[in-house]
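Have a look at the structure below, then the notes.
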Amino acid sequence: YVFDTGESPSVPTLNGGVTLWLTSHMGIGLQFVAGIGNDHFSQPVDEGNRISRWKVGMRMWAATAEWRGFKRGFEFDCGVGLGLHSFETHYALPITPNQPRFETEVIASKFLIGRRLVGPFHLKGGFMLGYADDIQPFQPLVMLSVRPRT
């Protein structure tokens, strides 16, 4: 689920991501987040000549530089980079066939703490945060990751 205290929708999501570790402590990460459904809980906004009702189609891409460390059986991952965040605003009045798509660049960051479960499987938890003026998507994360032995 993505929460946004700004102008972006707060909706459930599907996530995908991969990190290519160039060394044991530095890597490059790519993440994709797709919103599911509509944000029907935000208040309608009167924009003068139209009233917005809900926001849909939230998407976010991010490319991050990743750092990780190991301490007492735990893995600590953090990353920072750039991304693109977009969504559509649907208007109640007037009804328009083509809804405008809002896109903006964001500063993307994430922090995860993980522990090996069994074999190559790790359980990680933390958050991902984007920042761009009035858009601050915050996403708590719990994920199962696979780290093959090398």
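One-based numbering along the sequence shown. Keep in mind the model is a prediction, meaning the values are calculated, not measured.
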| Full working for side chain to side chain contact (heavy atoms under 4.5 Å, CB included) between V33 and Q139 | CA-CA 10 Å; V33 179; Q139 183 176 29; 3.7 Å; yes
Contact check, side chains of [X] and [Y], non-hydrogen atoms, under 4.5 Å:
X    : Y    : answer
I36  : V11  : no
R59  : H85  : no
F102 : E88  : no
I28  : T19  : no
V106 : L82  : no
M60  : T13  : no
F138 : Q136 : no
L123 : L117 : yes

| query | Salt bridge or not for K124 and D77, using N-O below 4.0 Å? | reply |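 Yes, charged N to carboxylate O under 4.0 Å.
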| Are E75 and R116 within salt-bridge range, i.e. N to O under 4.0 Å? |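 No, E75 and R116 are not salt-bridged.
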Any chance you could measure [X], atom [atom1], to [Y], atom [atom2], to the nearest 0.5 Å?
X    : Y    : atom1 : atom2 : result
L129 : L141 : CG    : CG    : 11.0 Å
W67  : W21  : CH2   : CH2   : 9.5 Å
R68  : S24  : CZ    : OG    : 6.5 Å
M143 : L112 : CE    : CG    : 4.5 Å
C78  : E66  : SG    : CD    : 7.5 Å
F121 : S145 : CZ    : OG    : 9.5 Å

| query | Looking at F76 and I113, what are the two nearest heavy atoms and their distance? | reply |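 Shortest heavy-atom separation between F76 and I113 comes out as CD2-CG1, 3.8 Å.
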| query | What is the minimum heavy-atom distance between W61 and F32, and which atoms define it? | reply |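 Heavy atoms only, the tightest pair is CE2-CD1, 3.2 Å.
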| request: Assess whether side chain to side chain contact (heavy atoms under 4.5 Å, CB included) is satisfied between M128 and Q31, documenting all intermediate values. | output: CA-CA 10 Å; M128 193 160 79; Q31 294 84 30; 4.1 Å; yes
| Donor-acceptor pair, side chain of Y131 and main chain of A108, under 3.5 angstrom |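 Not a single qualifying donor-acceptor pair exists.
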